[in-house]
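Scroll down for the structure; my scribbles are underneath it.
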Amino acid sequence: MTMKMSQAYIPTLKERPTEAETPSHELLLRGGMIRRVAAGIYSFLPLGYKVVRKVEQIIREELEKAGAQEVHLPLLHPAELWQESGRWDEMGDLMVKLKDRRNRDYCIGPTHEEVMTDLIRNELKSYKDLPQNFFQIQTKVRDEIRPRFGLLRAKEFSMKDAYSFHASWESLDVTYRDMHDAYCRIFERCGLDYRVVEADTGPMGGTDSHEFMVLAETGEDSVLFCDNCGYAANVEKAQSKVPKLKEKIDRPEKEEIYTPGVTTIEKLMEKMNLPGEYLFKSLLYKGEKDYYLAIVRGSDQLNENKLIALLGDPFLGLAEDGYRDLPAGFLGPQGEHGLKIIADELVMEMDWGVAGANREDYHIQGIVPGRDFSPDIVGDIRSARHGEGCPDCQGTLEEIRGIEVGHIFKLGTKYSESMKASFLDENGKAHPMIMGCYGIGVTRTVAAAIEQNHDENGIKWPLPLAPYQVILLTLGKDEKLNEESEKIYAELKGKGIEIIWDDRSERPGVKFNEADLLGIPLRITIGKKFLDSGQVELKDRFNNQDHMVDKDDLPDWVLKYLGEEEKS
RNA sequence: CGGAGCGUGGCGCAGUCUGGCAGCGCGCCUGCUUUGGGAGCAGGAGGUCGAAGGUUCAAAUCCUUUCGCUCCGACCA
């Protein structure tokens, strides 16, 4: 893997394209690594694709070490498989669906649980054949409502997905652990700063789930973690201990209060001159069949993921059309309305509070949980926040931003039951297989690496992902410099070093700036100083350190540098 | 789907209100000069002004329709 820049197609851009919203998006475009084809759809140019392949290779090596076998599943899936699992409808418009000339329905695979389960269900029949673990690296297509941030949220993207099949939960636990460890090695080898966090399983279903988050300010996900005990969870799932209220406000008599136009918690706090802990926030939700009224304290945010998990209703969403003639903005849990009441645990600890009166322009104060209303379900449905107590120890939770690059699930039997993938046990009795699934966003990892590692001049590739390890800049037209460069290039090439030589007749400024933009970890400059002293200049892109090295010592120096970086 | 905005050379934009030769910067080509942090001068190529229809002597500009894109929101293994 070596190249002369005079022959390479690396169309860099000096100006920032307007479409670029985040650093990775801008730098991938400016560095001539990707080009947009349509909204959320990108082509990879030579340099960008090299990085993708590096990530893929690391993934392959580590997964094979963990005992997974590589397969390649189709992009186009028949509707029947998805109808069988029930996700043809459940997934909704996230899938790109199409018909062939005979009017048969297909979708382009947004994920591969169905196809994978179908593949093994007719072949794997005995507990003796289990467990099995398969992976593939595939292009996935998801009709995202709003693709954005370049490769971070694209319509079409490359993903490694793996599926394991087991005869027992214990067996799944072992593989899950192995995959967890393999993922850790993968992201370590990629040179990324990441955290493993407890995650919500979402529409995938299943029990345990962990996400692998690359830490970056521009991340779309929020993670709460405790630096005392190491607890870490996505905010979608995180729990916390909330301190007791300091001042207690005496309970007033139950009384209706005229509150015209007070339809938000903010307005109600102002109107009543009460903290949010003394207000009931009532949110109307609609599930597959029922309507629900979710109640949290006014100071809390309802966590929709927790609510969905609690109710087990994947169709749940805010009921924007309202319910019967109840006035939006003035809802309350008390009274006869026929709604199922889901209350947060902290709501039940409230001494009293103000709730909507279920009557336009009125609220009621002095409402007491348990006395004035009794929830059908009580559970944790609020979002934990920065500064609250760690659920596992006495520490405090802190919030950081992350990019989800990996996600592993204990799926259980959701797909094996619906798709009838069963095995026979020692007694000849059939059971649904127990499944795990494991994903890594390959192209997203490339973008995350840049989000985490860049400066105002460009990308700073971690060495294991860099398209080239070394860039050689020749400055000036002196024939001796050119000859010497040719020698260095050939010599490093001979040592197996991935090197790109900027042999163009560009001015020094152009070469320096492009080298910084492209983010090649080690820069070797040969120019005037070499003619004077016989030394070449090395610069570490990552920590910006310079070294002057005698040309005879160069190959050893470079090998040593690459070796040390690889280890660290 | 709701709200806002944008489509003019490869990229970034002005021109549109008030109709009258299609412009600027970057990039590209040629030549000369320049060569340690995105050079200077001179010359040059490149555009159905997103598309369709209409108004007008005349449309990038006004009107109608339509397509695409971007941002905010809902949504998002």
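Here is how names work: the chains are called A, B, and so on, in the same order as the sequence lines, proteins then strands, and each is numbered from 1.
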With a 3.5 Å limit on both atom pairs, tell me what [N] is paired to, counting Watson-Crick and G-U wobble, or say none.
N	answer
B/C17	none
B/G46	none
B/C11	B/G25
B/U70	B/A4
B/A60	none

Residue whose closest nucleotide on RNA chain B lies nearer the 5' end, A/Gly40 versus A/Lys140: A/Gly40
Residues of residues 471-478 of chain A with any non-hydrogen atom less than 4.0 angstrom from an atom of RNA chain B: list those, numerically ordered, please.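 A/Leu475, A/Lys477, in order of number.
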Contact list for RNA chain B against residues 510-519 of chain A - heavy-atom distance below 4.0 Å: A/Val510, A/Phe512, A/Asn513, A/Glu514, A/Asp516, A/Leu517
With side chain to side chain contact (heavy atoms under 4.5 Å, CB included) as the criterion, how do A/Tyr285 and A/Glu304 come out once you've worked through the C-alpha distance, each side chain's angles and the decisive distance to 0.1 Å? CA-CA 10 Å; A/Tyr285 273 82; A/Glu304 224 170 75; 2.6 Å; yes
Please list, chain by chain and in numerical order, all residues satisfying salt bridge (Lys or Arg N to Asp or Glu O under 4.0 Å) with A/Glu156, sequence neighbours excluded. none
State which residues pass salt bridge (Lys or Arg N to Asp or Glu O under 4.0 Å) with A/Asp221; sequence neighbours excluded, sorted by chain then number.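 A/Asp221: no salt bridge (Lys or Arg N to Asp or Glu O under 4.0 Å) contacts found.
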Please state the [atom1] separation for the pair [N] and [M] - nearest whole angstrom.
N	M	atom1	answer
B/U48	B/U55	P	25 Å
B/U34	B/C41	C1'	11 Å
B/G46	B/G23	C1'	14 Å
B/G9	B/C29	C1'	15 Å
B/G47	B/U65	C1'	25 Å
B/G19	B/G15	P	16 Å
B/U61	B/U16	C1'	4 Å

[X] and [Y]: side-chain donor and acceptor closer than 3.5 Å?
X	Y	answer
A/Tyr561	A/Asp540	yes
A/Glu211	A/Asn234	yes
A/Arg121	A/Tyr415	no

I want to verify a distance call: between [options], whose nearest atom is closest to the [X] side chain?
X	options	value
A/Glu537	B/A77, B/G36, B/A74	B/G36
A/His407	B/A77, B/C75, B/G37	B/A77
A/Arg507	B/G38, B/U35, B/G36	B/U35

Before accepting this row, confirm whether a basic side-chain N of the pair [X]/[Y] lies closer than 4.0 Å to the acidic partner's carboxylate O.
X	Y	value
A/Glu217	A/Arg401	no
A/Glu537	A/Lys529	yes
A/Lys480	A/Glu486	no
A/Arg177	A/Asp181	yes

Rounded to the nearest Å, what distance is computed from the [atom1] atom of residue [X] to the [atom2] atom of nucleotide [N]?
X	N	atom1	atom2	value
A/Asp502	B/G36	CG	P	15 Å
A/Lys528	B/U35	NZ	C1'	8 Å
A/Met435	B/A77	CE	C1'	13 Å
A/Leu283	B/A74	CG	P	13 Å
A/Glu211	B/C76	CD	C1'	12 Å

Phosphate oxygens OP1/OP2 of [N]: is one of them under 4.0 Å from a side-chain N or O of [X]?
X	N	result
A/Arg146	B/C72	yes
A/Thr18	B/G12	yes
A/Arg148	B/C72	yes

Please test A/Arg87 against A/Glu114 for salt bridge (charged side-chain N to carboxylate O under 4.0 Å, His left out), starting from the C-alpha separation and ending with a verdict. CA-CA 9 Å; A/Arg87 290 208 292 180; A/Glu114 282 79 359; 2.8 Å; yes
Please tell me if the side chains of [X] and [Y] come closer than 4.5 Å, counting only heavy atoms from C-beta onward.
X	Y	value
A/Trp82	A/Cys107	yes
A/Tyr292	A/Leu339	no
A/Tyr468	A/Val470	no

Please list each protein N or O that sits under 3.5 Å from an N or O in nucleotides 4-8 of chain B, with the distance.
none

Determine which pairs satisfy ring pair (Phe, Tyr, Trp, His ring centres under 6.0 Å) with at least one residue from residues 8-32 of chain A, sequence neighbours left out, and list them in order. A/His25-A/Tyr42
Quick one: the side chain of [X] and the base of [N], do they pair up donor-acceptor inside 3.5 Å?
X	N	value
A/Arg142	B/A77	yes
A/Arg153	B/C76	yes
A/Arg523	B/G36	no

Where at least one partner belongs to residues 25-39 of chain A, residue pairs that pass salt bridge (Lys or Arg N to Asp or Glu O under 4.0 Å), sequence neighbours excluded: A/Glu19-A/Arg36, A/Glu26-A/Arg30
Write out all pairs satisfying salt bridge (Lys or Arg N to Asp or Glu O under 4.0 Å) with one or both partners inside residues 441-458 of chain A, taking only residues at least two apart or from two chains.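 Sorted result for residues 441-458 of chain A: A/Asp455-A/Arg541.
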Crowded around A/Gln301 CD? As in, over 12 foreign heavy atoms under 6.0 Å?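 Open: at most 12 neighbouring heavy atoms sit under 6.0 Å from CD of A/Gln301.
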Side chain to side chain donor-acceptor pair (under 3.5 Å) against A/His210, all qualifying residues, sequence neighbours excluded: A/Tyr176
Using the ring centroid of each side chain, check whether A/Tyr183 and A/Phe212 are separated by less than 6.0 Å. yes
Please list, pair by pair, any protein nitrogen or oxygen found under 3.5 Å from a nitrogen or oxygen in nucleotides 29-32 of chain B.
none

Atom pairs, N/O to N/O, protein against nucleotides 66-69 of chain B, distance under 3.5 Å?
residue	atom	partner	partner atom	Å
B/C69	O3'	A/Arg36	NH1	3.1

Protein N or O to nucleotides 25-28 of chain B N or O, pairs below 3.5 Å:
residue	atom	partner	partner atom	Å
B/G25	N2	A/Glu15	OE2	3.0
B/C26	O3'	A/Lys14	NZ	3.3
B/G27	OP1	A/Lys14	NZ	2.9

Base, sugar-phosphate, or nothing: which does A/Pro11 touch, judged by heavy atoms less than 4.0 Å apart? nothing
Ring-face cation of A/Lys97 near A/Trp88 (centre distance under 6.0 Å, axis angle within 45°): yes
